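Please read the structure below before turning to the comments.
No experiment lies behind these values; they were computed from the predicted model shown. Chain naming here is simple, since letters A, B, ... match the order of the sequence lines and numbering starts at 1 in each.
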Number of protein chains: 2
Amino acid sequence: MMQNAAIIPLLKDVARQEHQLQLTCESCALYSLCLPLGLHRNDLETLDSIIKRSKPLTRGQALYEMSENFDSLYVVRSGAFKTTLSTEDGREQITGFYLPGDLIGMDAIHTGSYQATAKALSSSSVCALPYSSLQELSQAIPALQQQIYNRLSKELSNDKHLLMALGQKTAMEKLVGFLLSLSRRFEERGYAANTFELPMSRIDIANHLGLAIETISRLLGQLVNDDLIACQGKSITLIDKPALKKLCN
Amino acid sequence: MMQNAAIIPLLKDVARQEHQLQLTCESCALYSLCLPLGLHRNDLETLDSIIKRSKPLTRGQALYEMSENFDSLYVVRSGAFKTTLSTEDGREQITGFYLPGDLIGMDAIHTGSYQATAKALSSSSVCALPYSSLQELSQAIPALQQQIYNRLSKELSNDKHLLMALGQKTAMEKLVGFLLSLSRRFEERGYAANTFELPMSRIDIANHLGLAIETISRLLGQLVNDDLIACQGKSITLIDKPALKKLCN
DNA sequence: AAGCGTCCTTGATCTAGGTCAAGAACCACG
DNA sequence: CGTGGTTCTTGACCTAGATCAAGGACGCTT
């Protein structure tokens, strides 16, 4: 009898692990950040019914490749992703980093194929939203349509700010701006705002900001020297946020 | 009597001029490029009823300013526009150029206020689409909802390609890529693909591509020297398009 | 725990493109 | 049809950040 009491919760955990892929939106930790925010309970169930919760991806694995057939948008469930665009001669540009709750693949909607390649930065999982179902559903559920407009618009806005950074800002301004935006995004997700692990390598940061990796390394060193941040490996602590904000305008 | 025959068409023209702001989508030259493409006749009339065709703007005049209250999206009817984002210390980045049929203001949807400033590059006119009406209407008209998703997605895609250019490409690649994309856009609108007037100044091109105006001037000179383009003032002719395409990958 | 590959750091040097300067061409306006 | 302002061109020079180089640290795998 005593044995049972100890074993039952364990069994429950195992069961949860095994059925984790079938969890509902309602029970999801990301609920308040995610697409279904604001939907009524029965609409939520309808949305739930079209979502495919797929297997986890390992570090470096592609969620989809450029020019592959477009069928689904993806919400990041755990881990992180990057999307890259590449030229014919092989140069790549990382056009975005995606954290839990973010929607990936929206730039493919207007064509039949993905416009970029999306890769996991670490072990990650996603919810797949088949686009044709999502479209139909959003026709019936005003709050969902609005959410989709908002998500698209938000990403547009982000990209325009990034354009500004790439076009007008110095290397230091780009880097500090990047760190602050990461910090804000972690905070929105309920993590600490001032101390976090970088989900991506310095190579990726450099590429994303249009800089050389050596420049990132030197600038991080400089920020540490000036006691504005602490940094060991991928772990970052923002020490003097006001000064950092001043540094990137 | 003979006088009448001569006068009638003239009067008609005048009448058309005066009522030009009340023209319908159906009679609009831009119809095939514009948002209502694919809508049924009666849906088109409903859309028409929410559109406000406003007075023309003069060169340099703002359609809206950053942080102004967001209420409408705008379709360019004639002329051209640029949108700019600015930092606190006054630097500006031109995030997009908009030609007839293009939709302006989509990055504002997710907030209550415009995220950029939109200015006319020459005498221009727009159709205003009050967002709340457009949203309701798109809830009722599937083809319209789809069009809006597509437009948002298309702009997202454009911005990502621009990010790639700003992050990875050389000055020459940026400039040639820009000229070719303008050429394509003119062609889509039924104008000549290989000879056109630049709607914007070199200052604006330079800013948009993250370059100095002197660089633009020098590179254009070089392209003319190499007989790849002809160029006098704002008038551009693309002479060797295959070579140009090669130059920008 | 040794070995290998990737990532990161730091220093020395180089260069694409920026900045400065000065004149020319192109307007819009009275 | 000047004339004052903006825009454009061309040349001389400079610099932020790239590239090259070499060594160190940090994972993986077996």
Side-chain angles (χ1 to χ4, degrees), chain A residues 58-61 80 82 91-94 119-123 165-179 197-226 229-236 247-248, chain B residues 58-61 80 82 91-94 119-123 165-179 197-226 229-236 247-248:
Chain A
T58 62
R59 184 183 141 83
Q61 203 181 340
K82 64 176 172 184
R91 278 173 292 173
E92 292 203 336
Q93 169 73 31
I94 298 175
K119 284 193 175 149
L121 292 170
S122 57
S123 300
L166 292 193
Q168 307 297 329
K169 296 197 172 176
T170 64
M172 183 58 99
E173 289 172 327
K174 288 180 189 175
L175 177 61
V176 173
F178 176 74
L179 291 177
E197 297 282 309
L198 292 172
M200 70 294 286
S201 69
R202 272 140 234 234
I203 296 178
D204 285 346
I205 299 175
N207 176 286
H208 183 54
L209 300 177
L211 297 171
I213 174 182
E214 293 93 330
T215 304
I216 299 294
S217 211
R218 276 185 256 270
L219 293 178
L220 280 176
Q222 202 174 314
L223 290 173
V224 169
N225 258 7
D226 297 353
I229 68 169
C231 158
Q232 40 198 350
K234 305 219 155 170
S235 149
I236 298 277
L247 260 186
C248 80
Chain B
T58 62
R59 184 183 142 84
Q61 202 181 341
K82 64 176 174 184
R91 279 173 292 173
E92 292 203 336
Q93 169 73 31
I94 297 176
K119 284 194 175 148
L121 292 169
S122 55
S123 299
L166 292 194
Q168 307 297 329
K169 297 198 171 175
T170 64
M172 183 58 99
E173 291 172 326
K174 287 180 190 175
L175 177 60
V176 174
F178 177 74
L179 291 177
E197 298 282 308
L198 292 172
M200 71 293 288
S201 69
R202 272 140 233 234
I203 296 178
D204 284 346
I205 298 176
N207 176 287
H208 184 53
L209 299 177
L211 297 171
I213 173 181
E214 294 93 331
T215 303
I216 300 295
S217 212
R218 277 186 255 269
L219 293 178
L220 280 176
Q222 204 174 312
L223 290 172
V224 170
N225 260 6
D226 298 353
I229 68 170
C231 158
Q232 40 198 352
K234 304 219 152 168
S235 149
I236 298 277
L247 260 186
C248 80

In whole angstrom, what separates B/Lys169's NZ from D/dA18's P? 18 Å
Using the rule given for side chain to side chain contact (heavy atoms under 4.5 Å, CB included), can you reason through A/Leu220 versus A/Arg202, listing the C-alpha separation, both sets of side-chain angles and the distance that settles it, and then say yes or no? CA-CA 10 Å; A/Leu220 280 176; A/Arg202 272 140 234 234; 3.5 Å; yes
Contact under 4.0 Å: A/Thr215 side-chain N or O vs D/dA18 OP1/OP2: yes
Please state how far atom CG in B/Leu209 lies from atom C1' in C/dA16, giving the value in whole angstrom units. 16 Å
For the CG atom of B/Asp204 and the CG atom of B/Leu209, what is their distance to the nearest 0.5 Å? 10.5 Å
Closest non-hydrogen contact found for B/His208 with B/Leu166 is O-CD2, 4.0 Å
Does B/Gly210 reach a base, just sugar-phosphate, or nothing at all? Heavy atoms under 4.0 Å. sugar-phosphate
Nucleotide N/O to protein N/O under 3.5 Å, stretch nucleotides 21-24 of chain C:
none

A/Lys169, NZ atom: more than 12 neighbouring heavy atoms under 6.0 Å: yes
Check whether any side-chain N or O of A/Thr58 sits under 3.5 Å from a backbone N or O of A/Gln61 as a donor-acceptor pair, and report yes or no. no
Looking at B/Glu92 and B/Lys82, is any side-chain nitrogen of the basic one under 4.0 Å from a carboxylate oxygen of the acidic one? no
Run the numbers on B/Leu175 and B/Ile205 for side chain to side chain contact (heavy atoms under 4.5 Å, CB included), then give the verdict. CA-CA 8 Å; B/Leu175 177 60; B/Ile205 298 176; 4.2 Å; yes
Between atom CG in A/Leu211 and atom C1' in C/dG17, what is the gap in whole Å? 15 Å
Taking CD1 from A/Ile216 and P from C/dT9, how many angstroms apart are they, rounded to a whole number? 10 Å
Residues A/Leu198, A/Leu179; criterion side chain to side chain contact (heavy atoms under 4.5 Å, CB included); working and verdict: CA-CA 9 Å; A/Leu198 292 172; A/Leu179 291 177; 4.2 Å; yes
Please tabulate the protein-to-nucleotide N/O contacts below 3.5 Å involving nucleotides 5-8 of chain C, giving atom names and distances.
from  : atom 1 : to       : atom 2 : distance (Å)
C/dC8 : OP1    : A/Arg202 : N      : 3.4
C/dC8 : OP2    : A/Arg202 : N      : 3.0

To the nearest angstrom, the CD-C1' distance between A/Gln168 and D/dA16 comes to 15 Å
Please give, in whole Å, the distance from D/dG11 P to B/Gln222 CD? 13 Å
Nearest-Å distance, CD (B/Gln232) to C1' (C/dC27)? 16 Å
Would you check, one step at a time, whether the test side chain to side chain contact (heavy atoms under 4.5 Å, CB included) holds for B/Cys248 with B/Met172? CA-CA 7 Å; B/Cys248 80; B/Met172 183 58 99; over 6 Å; no
Could you state the atom-to-atom distance from CZ of A/Arg91 to P of D/dT19 in whole Å? 11 Å
Assign each of B/Gly233 and A/Ala171 the nucleotide of DNA chain D bearing its closest heavy atom; nearer the 5' end lies the nucleotide of B/Gly233
